[in-house]
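Remarks on the structure that follows.
Here is the naming used below: chain letters follow the sequence lines, and residue numbers restart at 1 for every chain. Hydrogens, waters and symmetry mates are skipped; everything else that's a heavy atom, side chains included, is used.
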Amino acid sequence: MVCAHQVPPGLPAAAGRACLRPEPPRPLRRSGFLMQQDIFAALRARTVDALRGLLPELPEDAFSRVVVEPPRDASHGDMATNAAMVVAKQAKLAPPKLAADLAAKLAELPEVAEVAPAGPGFINIRLKPEYLRAQLPVVLAVGEAYGDGAPTGRKVNVEYVSANPTGPMHVGHCRGAVVGDGLANLLAKAGHAVTKEYYINDAGAQVQALAWAAWWRYVVVAVRRDPAAIKELASWLGDLTESEAWVVANSEPDGGIVQLVKERIEEHFETKLQYGGNYLVPVGEALWNEFGSSMLTPNDSSLGTIRSFTVAAMMKEIRADLAALGVTHDVFISEAEVVAAGKLDEAEATLNAKGLLYRGILEPPKGKTPDDWEPREQTLFRATQFGDDTDRPLRKSDGSGTYFANDIANHLHKIERGFDELVHVWGADHGGYVKRMKAAVAALSDNRVSLDVVLTQIVHVLKDGQPVRMSKRAGSYITLADLIDEVGRDAVRFTMLTRKADAQMEFDLTKVVEQSRDNPVFYVQYAHARIRSVLRAAGEPAVADLAGADLSALTDSAEMALIRRITTWPRVVEGAAAAREPHRIAFYLNDLASDFHMLWNRGREDATLRFIRPEEPVATRARLALLAATGAVLRSGLQVMGVTPVEELRDERKGDSAEPG
RNA sequence: GGACCCGUAGCUCAGCUGGAUAGAGCGCUGCCCUCCGAAGGCAGAGGUCGAAGGUUCGAAUCCUUUCGGGUCCGCCA
C-alpha cells in the first residue's frame with residue numbers, strides 16, 4: 001500500500017526492496033562510525049549521555065526538552081543544541097557555564113570536529129566531514145527505505161475521502177483524498193501500522209433520495225421499453241386529476257408520465273428531485289436490465305434493493321476515480337452494516353452504563369435561531385464532560401439515530417478492532433463536529449484511543465488565473481476524473497500537498513502543468529530526471545558498488561550541503577508524521593531538489609566539479625554515489641506523496657514556440 | 001451570541017511544536033550555456049510576522065484582549 005510507485009526501469013533490482021516493509025533500521029558499522037539513519041537523533045543521544053555524566057543528580061525527565069537540530073544559519077555549523085539552556089535552571093547553573101562544560105565533553109566524540117558555545121547557551125557542533133559522508137552508504141544500503149522510522153507497534157486508522165456515494169467525486173473531494181493518502185503513507189513510513197479506511201455513508205436520508213432518483217431514471221427506461229409500464233405507473237401515481245389522467249392515457253414513451261412520476265417523487269420529499277446529474281442514467285438502464293418491470297411499484301423492500309444497487313454502482317465509480325488518483329484503501333466500511341451489526345445499540349448501552357446519556361432539551365443556538373425552533377426532548381450525550389461546548393443529541397425526536405449516533409457506532413467499531421490512534425481527514429465545513437467526536441472516542445475508550453482530525457480547506461480551481469465555476473446547475477461541474485485527465489495524476493497529488501491542509505489553496509490548471517521553477521512538481525521531477533540522466537551516462541553503476549566508494553573527494557560546499565540535506569530526511573519524516581502534516585514532505589523535496597540543482601550548476605561553472613570526469617575515476621565514483629543517494633531520497637519522498645518519479649522529462653511544450661507571447 | 005481555522009516580502013506560501021540576523025517561489029534589476037538536460041543556477045532590492053499587552057534567558061510560534069477573512073452552530077450527512 002505504501003508502494004504506489006514503480007521502481008524505474010534501469011535501476012538495479014536492489015532498489016526495489018523498499019517496497020517490502022523494511023526491517024527496523026539496524027545499526028551497522030562502517031568507516032569506523034556507528035551507522036544510524038537519523039544522525040540528529042544519534043547526536044541527541046550522545047548529548048544527553050554527556051549531560052547525564054555532568055549532572056548525575058538530575059532526574060531523567062530533565063533532559064526531555066533537549067533538542068539537536070540543524071541551525072538556521074549554516075555558518076554556525078552542522079548541528080546546534082539548546083541542551084545547556086533547557087537544563088540550566090534545574091541544574092542551578094548558569095547556561096553559558098554549563099554550555100562550556102558540555103561543549104568540552106561533546107568535543108571528544110568521534111563524530112565531532114569542532115564545538116562552540118554561542119549566544120545565551122547554544123552549542124554549535126561541526127561534524128567531521130567523513131562522518132557526514134559516511135551517511136551516503138547508509139542511504140545506499142537501504143534505498144528508499146531511508147527515513148523509515150522503527151516500528152512503533154501503534155495501530156493507526158486513517159479514514160479519508162468518505163465521499164457520500166451519491167455521485168462521482170469532484171475536486172472538492174480530491175484534496176481530502178490526496179492529503180489522507182499522503183498522511184497515511186507518511187504515518188506508515190514513520191513506523192506505524194496503518195490501515196487506510198473509507199467510510200461509506202450509505203444509511204441516511206440522502207442515500208434514500210438517491211435511490212428515488214435512480215428509480216426515476218429506471219422509470220424513464222421502463223416507459224420506453226415496455227408499453228405496459230405506463231399502466232402500472234398510473235396505479236402507483238394513485239389519484240389522478242383529470243388532466244393527469246389524460247396525460248397518462250395519451251403518454252408516449254418519453255412522454256408526460258415520466259414528468260408526473262418526477263413530480264410525485266418531489267412531492268414526497270417536498271423538494272426538487274436531487275442528484276439530477278446524468279451519471280444516474282446508466283444506473284437506470286442497469287436496473288431495468290437487472291430487474292425488468294418488477295420495480296415499477298416501489299415499496300420499502302424494492303426501494304432498499306434499488307438503494308444498495310445504486311450505492312454499489314456509485315462506489316464502483318468512486319473507486320475507479322480513486323484508482324486513477326492512485327489512492328487505494330485497505331478497508332471500506334459501510335455505515336448501514338455497522339448499524340445493522342448492532343454497533344449503535346452497543347454504543348448507546350456502553351455510554352448509558354457510564355452514565356453519560358440522559359433525556360433533555362437543548363438550548364436554541366444563540367444569534368441565529370432557526371425559524372421552526374421548538375424545544376424538544378431528545379436523548380443527549382454528555383459531551384461537555386469531555387471538553388465539548390454543549391451536550392449532543394443521539395436520537396432525533398422521532399427516536400431514530402442521528403448521524404452523530406451512527407458515527408459513534410462507527411468509532412466504537414474502530415476501537416473494538418484494536419486501533420490505538422484514529423485519524424480523520426475532513427473538509428473544514430465539518431470543523432464544528434470535531435469536539436463532539438473526540439468526546440465520544442474519549443468516552444467510549446476511556447481515553448485509551450486518541451482521535452485526530454485534519455481539516456482540509458476549500459480548493460479554488462483557476463485556469464489562467466481566472467476562477468473556474470463549479471456549479472452543478474451550470475453544468476460546468478469539474479469531476480475528479482476531468483481534473484486528472486487535464487493535468488495528470490502526479491501534478492494533482494503533488495500540488496495538493498504544497499499547502500498546509502488547513503489553508504485555502506488555489507489550484508491553477510495552467511500552472512500545475514507548467515514546466516518551470518515555480519511549479520514544484522516539475523522542479524522535483526526535473527532533479528530526479530537529471531540524476532537518472534547522469535547515472536545512465538555513467539553506465540548504470542551498481543548501487544552496491546557505489547556504496548563502497550571512497551567518498552573523500554566530496555569536499556565542495558555544494559556537495560556537503562546536499563549531504564547535509566539528505567541527513568535531515570529521517571527527522572523530517574518523523575516531524576511531519578507527528579504533526580500530521582504531509583505537506584512538509586513536499587517542501588523538503590523542493591529543498592532537496594534545489595540543493596541538487598545548485599550543485600549541478602557548479603559543474604557548469606567549474607569543470608572539475610562535473611559529476612563524470614573520466615580522468616578522475618575516484619572522484620567520479622564518489623559523486624555518482626552522492627547522486628544515487630539523492631535519487632533514493634527523492635524517490636523515498638515521492639513515494640510518500642504517491643507521485644511517480646520520472647526517468648526523463650518529455651518535451652510537452654510542443655506548439656508553445658508557435659504561439660505568440 | 002458562541003466554537004474552530006487563518007492573518008508573515010507587491011503576489012502565492014514555508015517557518016522543523018519556544019531558539020541565534022524571519023525564509024522560498026513568482027514579479028523587479030544585473031549576471032552565468034565550448035559542457036552529464038539553461039525545462040536550470042548566481043547576485044541584488046523588498047518585512048513594525050494584523051494590533052496591543054502578558055509569560056521567560058529568548059515569542060512569528062504559548063496566554064489574554066482586539067481588528068480583519070473563512071467555516072460551522074437541534075431532528076443534513
Side-chain angles (χ1 to χ4, degrees), chain A residues 65 67 69-73 76 80 82 85-86 88-89 94-95 118-122 124 164 166 201 203-207 335 361-368 370 372-376 378 380 388-390 392-393 395-398 400 402-404 406-407 427-435 455 457-458 498-500 502-506 508 511 514-520 522-523 525-527 529-531 533-538 568 571-572 574-576 578-579 581 583-584 587-588 590-591 594 597-605 607 610-613 627 648-649 651 653:
Chain A
R65 287 176 57 215
V67 172
E69 60 187 354
R72 183 171 294 174
D73 186 341
H76 287 141
N82 61 356
M85 288 181 289
V86 295
K89 190 175 245 179
F122 278 103
N124 292 322
N164 287 340
T166 51
N201 295 121
Q206 290 197 9
V207 176
E335 176 183 6
I361 300 170
L362 286 175
E363 295 289 314
K366 299 202 170 133
K368 193 189 120 191
D372 56 345
W373 171 269
E374 287 171 33
R376 290 191 176 102
Q378 297 171 280
L380 300 175
D388 201 356
D389 312 301
T390 177
R392 302 292 180 177
R395 298 273 177 191
K396 300 174 192 175
S397 49
D398 67 1
S400 62
T402 58
Y403 174 75
F404 179 49
N406 284 357
D407 231 352
D429 54 340
H430 290 66
Y433 204 73
V434 174
K435 278 189 182 178
L455 297 176
Q457 271 288 357
I458 293 171
T498 54
R499 294 283 180 276
K500 242 181 321 195
D502 198 359
Q504 290 186 21
M505 82 175 289
E506 296 188 342
D508 194 316
K511 275 198 171 160
E514 203 169 280
Q515 308 214 331
S516 70
R517 176 69 179 91
D518 64 326
N519 178 4
F522 162 76
Y523 188 71
Q525 293 282 34
Y526 186 30
R530 274 178 153 177
I531 287 171
S533 168
V534 177
L535 292 174
R536 278 194 302 270
T568 62
R571 67 191 304 278
V572 167
E574 191 186 350
E581 290 184 346
H583 77 278
R584 290 191 196 178
F587 281 91
Y588 172 82
N590 199 61
D591 290 342
S594 172
H597 286 304
M598 194 187 303
L599 176 59
W600 177 286
N601 273 81
R602 289 294 288 273
R604 304 187 70 84
E605 291 155 11
R610 289 167 58 87
F611 298 122
I612 301 174
R613 303 197 70 216
L627 289 192
E648 58 185 345
L649 294 167
D651 191 343
R653 297 172 305 156

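Between the side chain of A:R584 and the base of B:C16 there is no donor-acceptor pair of N/O atoms closer than 3.5 Å. A donor-acceptor contact under 3.5 Å links the side chain of A:R610 to the base of B:C35. No donor-acceptor contact under 3.5 Å links the side chain of A:D389 to the base of B:G2.
Nucleotide B:G25 has B:C11 as its partner under the Watson-Crick or G-U criteria, with both atom distances under 3.5 Å. Pair assignment for B:A3: B:U71, on the basis of Watson-Crick or G-U wobble contacts that are both within less than 3.5 Å. B:A51 is paired with B:U65 under the criterion used here, namely a Watson-Crick or G-U wobble arrangement in which both key atom distances are under 3.5 Å. With a cut-off of 3.5 Å on both pairing distances, B:A20 has no Watson-Crick or G-U wobble partner at all. Under the Watson-Crick or G-U wobble criterion, with both distances below 3.5 Å, B:C42 is paired with B:G30.
Look at CG on A:L599: it is 15 Å from P on B:G37, rounded to the nearest Å. As a whole-Å value, the separation of A:E69 CD from B:G18 C1' is 10 Å. Atom CD in A:E605 sits roughly 16 Å away from atom C1' in B:C36 (whole-Å rounding).
Here A:K435 reaches the OP1 or OP2 of B:C4: one of its side-chain N or O atoms lies under 4.0 Å away. Taking only side-chain nitrogens and oxygens, A:H583 comes nearer than 4.0 Å to OP1 or OP2 of B:G15. The phosphate of B:A38 (OP1 or OP2) has a side-chain N or O of A:R530 nearer than 4.0 angstrom. In this model, the phosphate group of B:C26 is not approached by any side-chain N or O of A:R517 to a distance below 4.0 Å at OP1 or OP2.
Within the nucleic acid shown, A:N124 comes within 4.0 Å of at least one base atom, counting heavy atoms only. Across all strands shown, A:A578 has heavy atoms under 4.0 Å from base atoms, whether or not it also approaches the sugar-phosphate. Within the 4.0 angstrom heavy-atom criterion, only backbone atoms of the sugar-phosphate kind lie near A:G204; the bases stay farther away. Within 4.0 Å of A:Y526, counting heavy atoms only, lies at least one base atom of the nucleic acid. At the heavy-atom level, A:Y588 lies nowhere under 4.0 Å from the strands shown. Using a 4.0 Å heavy-atom distance criterion, A:A538 is classed as making no nucleic acid contact. When heavy atoms are screened at a 4.0 angstrom cut-off, A:E335 is found touching the sugar-phosphate backbone but no base atom.
A gap of 24 Å separates the C1' atoms of B:G47 and B:C5, to the nearest Å. Rounded to the nearest Å, the gap between the P atom of B:C28 and that of B:C36 is 31 Å. The separation of B:G58 from B:C62, taken at their C1' atoms, amounts to 13 Å, rounded to a whole angstrom.
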CA sep, side-chain torsions, deciding dist, call: A:F587, A:V572, side-chain contact (heavy atoms from CB on, under 4.5 Å)
CA-CA 10 Å; A:F587 281 91; A:V572 167; over 6 Å; no
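Between the side-chain ring of A:W600 and the base of B:G40, no stacking contact exists by the 5.5 Å and 30° definition. Per the stacking criterion (ring centres < 5.5 Å, plane angle < 30°), A:H76 stacks onto the base of B:A20.
In the displayed structure, A:Q378 atom CD is contacted under 6.0 Å by more than 12 heavy atoms of other residues, nucleotides or ligands.
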